[in-house]
Colleague: 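The structure under discussion is supplied below as structure tokens; questions concerning it will follow.
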Amino acid sequence: MGVNLSGRNFLKLTDFTTEEIEYLLQLSADFKALKRTGTPHRYLEGKNIVLLFEKTSTRTRCAFEVAGMDLGMGVTYLDPGSSQMGKKESIEDTARVLGRMYDGIEYRGFAQEIVEDLAANAGVPVWNGLTNEFHPTQALADILTMREEFGDLKGKKLVYFGKEQGNVSDSLLVICAKLGINFCSCGPKGDVEGATHYDPELLALCREIAADNGCEIVLTEDVDEAAKNADVIYTDVWVGMGQPDELWKSRIELLSPYRVTSEIMAKANPGAIFMHCLPSFHDTNTTIGAEIAEKFGVTEMEVSDEVFESKQSRVFQEAENRMHTIKAVMYATLK
Ligand code: CP
């Protein structure tokens with residue numbers, strides 16, 4: 001029987017089989033082709049969705065809005081300050097109200113349990129646009145980008161540079177295991193202020209899945225070991241969304257050896273690419289980047305400007321792919 005995701009939520013990748021993830025990736029590629037050829041695909045005309053953002057966003061918000069409009073849907077955006085959720089109205093009540101007006105709900109915000117709670121009460125598909133624990137639509141876009149570069153991904157190696165555990169690294173850990181991609185996480189072994197290590201249960205689960213799919217998961221602090229045979233070098237900002245500015249000092253001290261530089265890229269496979277979920281602090285052309293430069297004398301953080309702007313960088317293709325993959329998720333769950 002073929003894959004049918006109609007009516008399903010998209011909350012975390014552990015909820016999906018390899019076959020279902022492959023189906024979403026193929027659908028994303030198909031939607032990208034339609035978009036590129038200017039072929040209309042208003043397949044969900046008459047439906048309406050709401051985007052519930054408790055944190056700021058450029059890519060995720062725009063991807064959901066454009067994808068929703070391309071599919072012919074009405075789209076409502078609720079910004080971090082303009083809904084009653086959490087302040088005057090419980091998650092459950094918000095879900096039950098929105099579920100009566102909309103055909104699908106996107107949530108970006110805090111704990112994973114919030115998006116799970118919304119899904120349990122909405123009666124319509126709920127999509128995770130980033131929680132503290134997972135960023136599953138980002139991981140789908142990352143893999144689509146890798147497939148466009150390499151084709152078959154079984155046995156390829158993705159290395160994530162930076163601290164352990166984050167919504168992006170955790171989602172990559174899961175999707176790599178499901179798709180037979182070797183996943184290496186390279187960063188300090190010891191404790192990082194304000195951060196945790198990978199959840200042992202999630203790690204054990206992913207190791208089991210990886211073993212079944214013929215790939216491995218490696219955690220190391222050795223940059224050379226990590227970069228060797230790498231096909232993708234990936235990194236993310238050192239202080240995540242919603243985390244306090246006080247963390248910058250210790251993060252800069254601990255994570256500077258893991259900055260992605262041309263030297264690291266040179267240790268990877270010929271043809272290796274650089275990826276980043278964005279936004280990125282690769283220069284001082286942002287308020288925070290300029291402040292960090294003034295305070296700590298650091299002008300590039302998780303990635304050097306040279307790598308970010310290099311021919312190996314796929315970051316903007318990756319950002320575009322957020323839209324095609326989110327479109328696939330919405331179509332698959334709403335059709
Ligand atoms: N990568 C990502 O989620 O970007 P935004 O925060 O801009 O949505």
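Remember, it's 1-based here, ligands and their atoms both numbered in the order they're listed.
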Colleague: Less than 3.5 Å apart, any donor N or O on the side chain of Gln165 or Asp199 sitting next to an acceptor on the other?
Modeller: no

Colleague: Could you tell me whether some N/O pair between Pro279 and ligand 1 is separated by less than 3.5 angstrom?
Modeller: no

Colleague: Looking at Phe110, I'd like to know if the NZ or CZ of Lys55 sits under 6.0 Å from its six-membered ring centre while staying within 45 degrees of the ring's axis.
Modeller: yes

Colleague: Going by the order shown, which atoms of ligand 1 are within less than 4.0 Å of some heavy atom of Met241?
Modeller: 6 (O)

Colleague: Over 60° means perpendicular and under 30° means parallel, so classify the ring planes of Phe308 and Phe316, tilted if in between.
Modeller: perpendicular

Colleague: Assess the side chains of Asp93 and Gln84: does a donor N or O sit below 3.5 Å from an acceptor N or O?
Modeller: no

Colleague: Just verifying a value: how many Å separate Leu158 CG and Ser169 OG, rounded to the nearest 0.5 Å?
Modeller: 11.0 Å

Colleague: For Phe64, is the NZ or CZ atom of Arg59 found under 6.0 angstrom from the centre of its six-membered ring and inside 45 degrees of the ring axis?
Modeller: no

Colleague: Could you give the distance from CG (Asp70) to OH (Tyr331), rounded to the nearest 0.5 Å?
Modeller: 14.0 Å

Colleague: So, applying side-chain hydrogen bond (donor to acceptor under 3.5 Å, both in side chains) with Glu302, which one of Arg251, His276, Arg259 is it?
Modeller: His276

Colleague: What atoms of ligand 1 come within less than 4.0 Å of a heavy atom belonging to Gln138?
Modeller: 1 (N), 2 (C)

Colleague: Which class fits the ring pair Phe16 and Phe10: parallel under 30°, tilted 30 to 60°, perpendicular over 60°?
Modeller: tilted

Colleague: Please identify which atoms of ligand 1 are closer than 4.0 Å to at least one heavy atom of His135.
Modeller: 2 (C), 3 (O)

Colleague: Heavy-atom contacts under 4.0 Å between Arg61 and ligand 1: side chain, backbone, both, or neither?
Modeller: neither

Colleague: What residue and atom, counting heavy atoms only, is the protein's closest point to atom 4 (O) of ligand 1, and at what distance?
Modeller: Arg59 NE, 2.8 Å

Colleague: Check if Arg108 has a non-hydrogen atom at a distance under 4.0 Å from any atom of ligand 1.
Modeller: yes

Colleague: Using heavy atoms and a threshold below 4.0 Å, how should the contact between Leu130 and ligand 1 be classified: side chain, backbone, both, or neither?
Modeller: neither

Colleague: Using a strict 4.0 Å cut-off to heavy atoms of Leu278, name the atoms of ligand 1 that fall inside it.
Modeller: 1 (N), 2 (C), 4 (O)

Colleague: As a check for students: among Thr58, Val315, Asn167, Asp142, identify the option with a heavy atom nearest to atom 7 (O) of ligand 1.
Modeller: Thr58

Colleague: Compute the shortest N/O to N/O distance between Thr56 and ligand 1 and return yes if it is under 3.5 Å, no if not.
Modeller: no

Colleague: Taking N or O atoms only and a 3.5 Å limit, does Cys277 qualify as a polar contact for ligand 1?
Modeller: yes

Colleague: Identify the protein heavy atom lying closest to atom 2 (C) of ligand 1, giving its residue, its atom name and the separation to 0.1 Å.
Modeller: Arg322 NH1, 3.4 Å

